[in-house]
S.K.: 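Got a structure for you, written out below as structure tokens; questions coming shortly.
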Amino acid sequence: MPRTLITSAIPYINGIKHLGNLVGSQLPADLYARYCRARGHEVMFICATDEHGTPAELAAAKAGKPVAEYCAEMWQVQKDLADGFRLSFDHFGRSSSHQNHKLTQHFAGKLDEAGLIDERSSRQVYSVADGRFLPDRYIEGTCPNCGFEDARGDQCDNCTKQLDPTDLINPRSVISGSTDLEVRETKHLYLKQSLLKDRLDQWIDSQQGWPVLATSIAKKWLHDGDGLQDRGITRDLDWGIPVMKGDKPWPGMEGKVFYVWFDAPIEYIAGTVEWADATGGDWERWWRTDKGARDVRYVQFMGKDNVPFHTLSFPATLLGSGEPWKTVDYLKALNYLNYDGGQFSTSRGRGVFMDQALSILPADYWRWWLLSHAPENSDTEFTWENFQGSVNKDLADVLGNFVSRVTKFCRSKFGEEVPADGEWGTAEAALIETLSTRLKAYEALMDGIEIRKAAAELRAIWVAGNEYLQEAAPWATFKEDPAKAAAQIRMALNLIRFYAVLSRPFIPDAADAMLAGMRTEQDTWPSDVDAALRVLEPGHDFTVPDVLFAKITDEQREDWAERFAGTRD
RNA sequence: GGCGGUGUAGCUCAGUUGGUUAGAGCAGCGGAAUCAUAAUCCGCGUGUCCGGGGUUCAAGUCCCUGCACCGCCA
């Protein structure tokens, strides 16, 4: 049995994600996980919330809550939304878990043993009023170059000049507005990625079948300019994983935590440990090549912007540890989804957010549209007209109406059971032939994680059913040859079950409704189309399901377009 | 400023290593059918493949250049 480990980039804890975030990682990962399970793979599908860092602290402060409490609440919110979208994680973890604390500290210790950690002093801005060091972008002041008054410590938004916080005139804390700032000496750990450059280079060269996008981004970072830079892996914050060398204190690093980019990817592993702790499962056979993970295929999903972390930073941690950790075999990077002529914007409230989406339509509508329009090759545009058109046509008309016309016709002519009379002829043989070809194409596309093309192929499979029905015309044959009509409808009813099985990765709820309507739990992936279309035997009873997909009306569309427009600039 | 991406039918997008009349879905137009959520099925595309040069027997596909939009700059 093939074993597939799947991770989705972990969403930041700070707030509810929009549909662009969803389709950028979690949703395609879920599609693939569901498909692999359907094909009989043993699957471990892990996601989590990314909880550390200054933005989480500030969001908690704004909400008037301790950061741990805030994160716990937001984790639950994100978990519920993931459930609402039917994201089938085996475990949805938290990067703040004690499992991740332990593993992150373990990796730091191993990297230090391998001579890959440096302690370096630097001078950073400290806010006396806030009682903390301030990251560059949390300091604002007047730009020395152009005089812009709200320049940030890393860059002036007005003249785009790159700045150092100490360049700013009249610097102030973004957090409190305090101007009581001073520059203090502080010490941090650096991961000497530069020493790993050759190993990473070789490792990337040894990868088979990575998308060129991923390889080229990785190579660019590896070779451009001065090559791969060492990176600070600690911060002067309270909220995070305390810096320790394995389970021992790290002298001189008291009160400091690991930087979020260091501990976040480790949560992929720690999340699996969380799963194991909760279920009694064995996480090492997924992650340690010396303990059974050698035959695991590891597939990562992420947004384009996350590629360097997954191709370089995280592998640097894994390879640098000197331990036999499983590294990624294939990675799927997605582009961005735009909203109606602009970007989705969390800060401006522009676009549709996960909670809002579920409040107006069931998950399957969104899953279908987002996946069938997934931004694989380039950025993609969401418009309400396109959404309404695609969903109404594909789901309501092509698929939903097929189920409706078949079951209702059968009920009125033969009753609510699979009719027994008649034999299949050449039309049915031709249909089986067509479906066999298309099924193979669909499988190949799903295996290759070509999401849009797979969706198009699935739709073509639905269309084939309507074509068959149109040609067979059981409503006409019923008049002269009821037995023939019975055979045709027996085929059509079986198509519904067949479609439910194939469609399930995309639209799990509708698929379940179709199976429930057909009163069957036989949902094995078809290996032989002819046999798969004989599963519902003569006499098998069914019920006419409720309308699977109600159409989106023009009024709804206009209302939603208005509601989610947000503030344009 | 540097780097990268994108620009193909009204809309959303495909177009392998350059090779016959540039494709799909939707929308639109015409027809068939009437079982069905006024759904389905069939037929219909004279598109400056962003502009301009160039390489080639042959370029949407390679090179140069201009324009537009969009990202990234640790």
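Throughout, a chain's letter reflects where its sequence line sits, starting with A, and its residues are numbered from 1. The shown structure was predicted, so the numbers you read here are calculated from the model rather than taken from an experiment.
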S.K.: Rounded to whole Å, please give me the gap between CD1 in A/Ile451 and P in B/rG25.
M.R.: 21 Å
S.K.: What is the distance, to the nearest angstrom, from the CZ atom on A/Arg438 to the C1' atom on B/rA24?
M.R.: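 Atom CZ in A/Arg438 sits about 11 Å away from atom C1' in B/rA24.
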S.K.: Rounding to the closest angstrom, what is the interatomic distance between B/rG25 and B/rU20 at atom C1'?
M.R.: 26 Å
S.K.: Tell me the interatomic distance from A/Asp394, atom CG, to B/rC26, atom C1', rounded to whole angstroms.
M.R.: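 That distance rounds to 9 Å.
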S.K.: Between side-chain atoms of residues 408-423 of chain A and protein atoms elsewhere (two or more places apart, or another chain), which donor-acceptor pairs fall under 3.5 Å?
M.R.:
residue: A/Ser412; atom: OG; partner: A/Phe409; partner atom: O; Å: 3.0
residue: A/Glu416; atom: OE2; partner: A/Val544; partner atom: N; Å: 3.1

S.K.: In whole Å, measure the gap between the C1' atoms of B/rC73 and B/rU8 for me.
M.R.: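 About 31 Å, rounded to a whole number of Å.
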S.K.: For B/rC63 and B/rU56, measure between their C1' atoms and round to the nearest Å.
M.R.: 12 Å
S.K.: Just how far, in rounded Å, is P of B/rA27 from CD of A/Glu385?
M.R.: 14 Å
S.K.: Counting only heavy atoms from other residues, nucleotides and ligands, does the tally under 6.0 Å from CD of A/Glu471 exceed 12?
M.R.: no
S.K.: If each of A/Arg231 and A/Arg459 is mapped to the nucleotide of RNA chain B with the nearest heavy atom, which maps nearer the 5' terminus, i.e. the 5' end?
M.R.: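 Upstream on the strand: A/Arg459.
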S.K.: Distance between the C1' atoms of B/rC62 and B/rG1, in whole angstroms?
M.R.: 29 Å
S.K.: Using the P atom on both, measure B/rG30 against B/rC69 and round to a whole Å.
M.R.: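 Approximately 40 Å lies between the P atom of B/rG30 and that of B/rC69.
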S.K.: Strictly by Watson-Crick or wobble contacts shorter than 3.5 Å, is anything paired with B/rC13, and which nucleotide is it?
M.R.: B/rG23
S.K.: Mind checking the C1' distance from B/rA9 to B/rA22? Whole angstroms is fine.
M.R.: 10 Å
S.K.: To the nearest Å, how far apart are A/Asn392 CG and B/rU12 C1'?
M.R.: 16 Å
S.K.: Using the P atom on both, measure B/rC57 against B/rG18 and round to a whole Å.
M.R.: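 Straight-line distance between the two P atoms is 15 Å.
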S.K.: Sugar-phosphate means primed atoms, P, OP1 and OP2; the rest is base. With that split, encode nucleotides 30-41 of chain B 5' to 3' as B, S or - using protein heavy atoms under 4.0 Å.
M.R.: ---SSBBB-SBS
S.K.: Report the C-alpha separation of A/His310 and A/Tyr268 in whole Å, then their side-chain angles, then the decisive distance to 0.1 Å, and conclude whether the ring-ring contact (aromatic ring centres under 6.0 Å, His included) test is met.
M.R.: CA-CA 11 Å; A/His310 289 83; A/Tyr268 292 146; 5.7 Å; yes
S.K.: Would you confirm whether the ring centroid of A/Tyr365 sits within less than 6.0 angstrom of the ring centroid of A/Phe387?
M.R.: no
S.K.: Which of parallel (below 30°), tilted (30 to 60°) and perpendicular (above 60°) describes A/Trp384 and A/Trp560?
M.R.: tilted
S.K.: Heavy-atom count check: over 12 atoms from other residues, nucleotides or ligands less than 6.0 Å from A/Asp546 CG?
M.R.: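 Check fails, neighbour count at 12 or below.
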S.K.: Is there a Watson-Crick or G-U wobble partner for B/rA38 with both distances under 3.5 Å, and if so, which one is it?
M.R.: none
S.K.: Given atom CH2 of A/Trp368 and atom P of B/rG25, what is their separation to the nearest angstrom?
M.R.: 14 Å
S.K.: Identify the nucleotide, in any strand shown, that forms a Watson-Crick or G-U wobble pair with B/rC44, with both distances under 3.5 Å; if there is none, say none.
M.R.: B/rG28
S.K.: In terms of side-chain geometry, is the basic nitrogen of A/Lys192 or A/Asp230 positioned less than 4.0 Å from the acidic oxygen of its partner?
M.R.: no
S.K.: Find the distance A/Trp369:CH2 to B/rC11:P and express it as a whole number of Å.
M.R.: 16 Å
S.K.: Without placing hydrogens or testing angles, list every side-chain donor-acceptor pair under 3.5 Å for residues 458-467 of chain A, not counting sequence neighbours.
M.R.:
residue: A/Arg459; atom: NE; partner: A/Asp394; partner atom: OD1; Å: 2.6
residue: A/Arg459; atom: NH2; partner: A/Asp394; partner atom: OD1; Å: 3.2
residue: A/Trp462; atom: NE1; partner: A/Ser503; partner atom: OG; Å: 3.0
residue: A/Asn466; atom: OD1; partner: A/Arg405; partner atom: NH1; Å: 2.8
residue: A/Asn466; atom: ND2; partner: A/Val398; partner atom: O; Å: 3.0

S.K.: Could you give the distance separating B/rC70 and B/rU61 at their C1' atoms, to the nearest angstrom?
M.R.: 23 Å
